[in-house]
Amino acid sequence: MRYLALATDYDGVIATDGQASGAALSAIRRLRRSGRRVILVTGRRLDDLLESCPDLSIFDYVVAENGATIYDPRAREETLLATPPPIEFITRLRELGVEPLDVGRVIVATWLPHQHAVLQAIQELGLEFHIVFNRTAVMVLPAGVTKATGMEVALRRLGLSAHEVVGVGDSENDFSLLERSECAATVANAVPSIRNSVDYAAKSENGDGLAELIDELIADDLSCMRGRIAKHLTPIGRRADGTLVSVSPYGTNILIAGPSGSGKSTVAAGFVERLMAQSYQLCIIDPEGDYGTLPDVLTLGNHLHAVSVNEALAILEDPRITLNVNLLGIPLADRPEFFGQLLPSLQAMRIRTGRPHWIVLDEAHHLLPPQWAHIDQVMPRNLGETVLVTVHPDHLAPSALPLIDVIIAVGPAPRSTIQKFADGVGQPLAWPADLEHEHRKAVVWFWKSDEAPFSLEILPGRSDRIRHLRKYAEGDLRYHSFFFRGPRNQHNLRAQNLSMFSQIADGIDEETWLFHLRRGDFSRWFRGGVKDNYLADQVERIERRQDLKPLETRKLIRSFIEGRYTLPK
């Protein structure tokens, strides 16, 4: 299911003139039976609400007083989410003739035109309050308290995020709730400003309108909304004419393919950053330690610690955390088996919570190799919001390719890359005659549509990330390690990362150092093994200089490494 929860206002949606609609209450019960959660979000006080709607057990949680309190109907416990107003404020309002005056546990409410007196009292007492309007009602709350903040508390208790929510409101105080919800909906009697801002508008009024929405939600998960909510589309790049190309954050699977060093990680990292900026939760499976430097990502595991499935799942229970599962501690041959245990657990978690919203499989051929015997048992019918990054499409298990919706080919031979994918899915490839590789661009193919492949300028990430920073500084490069051997192969000293390289370089004899320096071995390793062209260029200049003493070359090369990477002390 796409939408796992409904967050709805009370007055004007469930209730008309304070009377709850039988059609709305029956629809809410049907929605609960479908396996979805329901949160009531209202400006009313709890005691007032209990008089109007005695059976609150049909809701998972009730957010009352416009986000200031939350009520658990099963435990019958109300919890304050903000500080009550000072008595001096209530006293001053009465002195100013504000009547009627409704004082809740946190909220203070009255009616137009008393907003001027309310503002005067706030200014006189120097309070950090804000005024919220609900048609002719005037509500006063502590700064930052809204229906959206209250809904977020209820969602965290349910283990959900706002990306799984359809929000329903009809008045001005519902703007925050609707803005925070993945799909904003309203009923026919909503104020014009609300009707003009939502994604879905029911044709019927009040409770009948809510029942209309719920019936459609149960029937097909609001399939009419799929790909139509522009604010949630995630861009991947720009066409030659400058128009953005975006993908839906739901129901899309992406393959990023190309040779080593062609920019696959840059493309993937930029897309990951944009998803995170939209508050989607990601689980990144990182075989080579490439993503540990992304901001706001929690990395679990390293070359000394092998991550367990239970550890990863425990971290992902918090919707606010994007997790990077570093597989450097798991032997290469064991990674498909680990992924075979992790993927079904992630799919089960998605059924329960809708999260993680995206799964990113870097070096996907390590996790889904074509020769793995258990691939058919592991692969689901639908991957569901997954990015696969690999060298060549034919290096992946054949059963994974038909699940892809869009392929992004990077590097100097995009036609060859896409042709291998087309062969894998049995789809004829109509390659445009004028389409060629362009520097800093990729070729994109939405192969399930009628559109031919086209060139795309990939959007860069927010930060200029040094690829594989931690892996190269501290990890184990394995077969990409540097070996100090010397002119007569008298040594066999392995530098599995930059830290070890620097340590050996400080102590190795001068003859061995100069042997590798004059042959250009250092710059060749930085370019091919570490994949850092900038560092390789700087070291290559040092290798060509004959005026520097051996000790000076060591110091210069080390200083360049330390300037680019933070080495452990």
### Task
Show your reasoning for whether salt bridge (charged side-chain N to carboxylate O under 4.0 Å, His left out) applies to R36 and D221.
CA-CA 11 Å; R36 293 175 173 88; D221 209 27; 3.0 Å; yes
### Query
Which atom pair, heavy atoms only, marks the closest approach of V307 to G301?
CG2-CA, 3.4 Å
### Message
With salt bridge (charged side-chain N to carboxylate O under 4.0 Å, His left out) as the criterion, how do E182 and R2 come out once you've worked through the C-alpha distance, each side chain's angles and the decisive distance to 0.1 Å?
### Response
CA-CA 10 Å; E182 186 80 349; R2 173 70 176 95; 2.4 Å; yes
### Intermediate values then yes/no, side-chain contact (heavy atoms from CB on, under 4.5 Å), L40 and V63
CA-CA 6 Å; L40 178 61; V63 175; over 6 Å; no
### Query
So, the side chain of D48 versus the backbone of R44: is there a donor-acceptor pair under 3.5 Å, distance only?
no
### Task
For E152 and R180, run salt bridge (charged side-chain N to carboxylate O under 4.0 Å, His left out): C-alpha distance rounded to whole Å, both residues' side-chain angles, the deciding distance at 0.1 Å, then the answer.
CA-CA 9 Å; E152 290 278 8; R180 192 72 58 90; 2.9 Å; yes
### Query
Would you call E78 and R105 a salt bridge, using N to O less than 4.0 angstrom?
yes
### Summary
Nearest heavy-atom approach of A154 to Y61 is CB-CB, 4.0 Å
### Task
Answer yes when R239 and E457 have at least one side-chain N-carboxylate O distance shorter than 4.0 Å, and no when they do not.
no
### Query
Can you check whether A201's main-chain N or O pairs, donor with acceptor, with R195's side chain at less than 3.5 Å?
no
### Query
Side chains of D286 and N324: donor-acceptor distance under 3.5 Å anywhere?
yes
### Task
Go through the side-chain N and O atoms of N134 and S171 and say whether any donor and acceptor fall under 3.5 Å apart.
yes
### Task
Check whether any side-chain N or O of W447 sits under 3.5 Å from a backbone N or O of V425 as a donor-acceptor pair, and report yes or no.
no
### Task
Calculate, to the nearest 0.5 Å, the distance between atoms NE2 and OG belonging to H232 and S248 respectively.
10.0 Å
#### Entry: side-chain contact (heavy atoms from CB on, under 4.5 Å) against T16, all qualifying residues, sequence neighbours excluded
N206
### Message
Between R32 (side chain only) and I58 (backbone N and O only), is there a donor and an acceptor less than 3.5 Å apart?
### Response
yes
### Distance (rounded to the nearest 0.5 Å) between I70 CD1 and M151 CE
11.0 Å
### Task
Find the distance between CD1 (I359) and OG1 (T386) and round it off to the nearest 0.5 Å.
4.5 Å
### Query
When you measure from the side chain of N326 to the backbone N and O of P287, does any donor-acceptor pair fall under 3.5 Å?
no
#### Entry: R76 atom CZ: more than 12 heavy-atom contacts under 6.0 Å
no
### Task
Hey, could you give me the CG/CG distance between L401 and L388, rounded to the nearest 0.5 Å?
9.0 Å
### Query
Looking at K448 and D405, does any basic side-chain N land under 4.0 Å from a carboxylate oxygen?
yes
### Task
Give a yes or no answer on whether the side chain of R37 reaches the backbone of L158 with a donor-acceptor pair at less than 3.5 Å.
no
### Task
Answer with yes or no whether the side chains of Q281 and S161 bring together a donor and an acceptor at under 3.5 Å.
no
### Query
Where do N302 and L328 land on the side-chain contact (heavy atoms from CB on, under 4.5 Å) test, with the steps shown first?
CA-CA 5 Å; N302 53 45; L328 287 176; 5.9 Å; no
### Message
What I want to find out is whether D60 reaches R157 closely enough, with some N-O distance under 4.0 Å, to be called a salt bridge.
### Response
no
### Task
Go through the structure and list residues passing side-chain contact (heavy atoms from CB on, under 4.5 Å) with S262, not counting sequence neighbours.
P259, K264, V410
### Message
Surrounding NZ of K231 (heavy atoms of other residues, nucleotides or ligands, distance under 6.0 Å), is the total greater than 12?
### Response
yes
### Query
Could you walk me through whether L459 and R238 pass the side-chain contact (heavy atoms from CB on, under 4.5 Å) check?
CA-CA 7 Å; L459 298 179; R238 294 184 186 276; 4.0 Å; yes
### Residue pair H395 / T390, side-chain donor-acceptor N/O under 3.5 Å
no
### Query
Does the side chain of Q278 pick up a donor-acceptor pair with the side chain of H357 at under 3.5 Å?
no
### Message
By the ring pair (Phe, Tyr, Trp, His ring centres under 6.0 Å) test, which pairs, at least two apart or in different chains, include something from residues 175-220?
### Response
none
### Query
Salt bridge between R29 and D55, side-chain N to carboxylate O under 4.0 Å?
yes
### Message
Assess, by modelled atom type and distance only, whether the side chains of E311 and S308 contain a donor and an acceptor separated by less than 3.5 Å.
### Response
yes
### Query
Does L177 offer a backbone N or O that forms a donor-acceptor pair with the side chain of D174 under 3.5 Å?
no
### Task
Have a look at H163 and tell me which of Y280, Y250, Y3 forms a ring pair (Phe, Tyr, Trp, His ring centres under 6.0 Å) with it.
Y280
### Message
Taking E65's backbone N and O only, do any of them form a donor-acceptor pair with T69's side chain (distance below 3.5 Å, no angle check)?
### Response
no
#### Entry: Check: T146 main-chain N/O paired with N66 side-chain donor or acceptor under 3.5 Å
no
### Message
Show the nearest heavy-atom pair for residues G169 and L178, with the distance to one decimal.
### Response
N-CD2, 3.7 Å
### Main-chain N/O of L316 paired with R355 side-chain donor or acceptor, under 3.5 Å
yes
#### Entry: Stepwise side-chain contact (heavy atoms from CB on, under 4.5 Å) test for T149 and L81
CA-CA 9 Å; T149 61; L81 303 178; over 6 Å; no
### Query
Would you call D9 and K147 a salt bridge, taking side-chain N to carboxylate O under 4.0 Å as the test?
yes
## Note on the structure
Value for CG (L210) from OG1 (T186), rounded to nearest 0.5 Å, stands at 10.5 Å
### Query
Rounded to the nearest 0.5 Å, how far does CG of D334 lie from CZ of F339?
15.5 Å
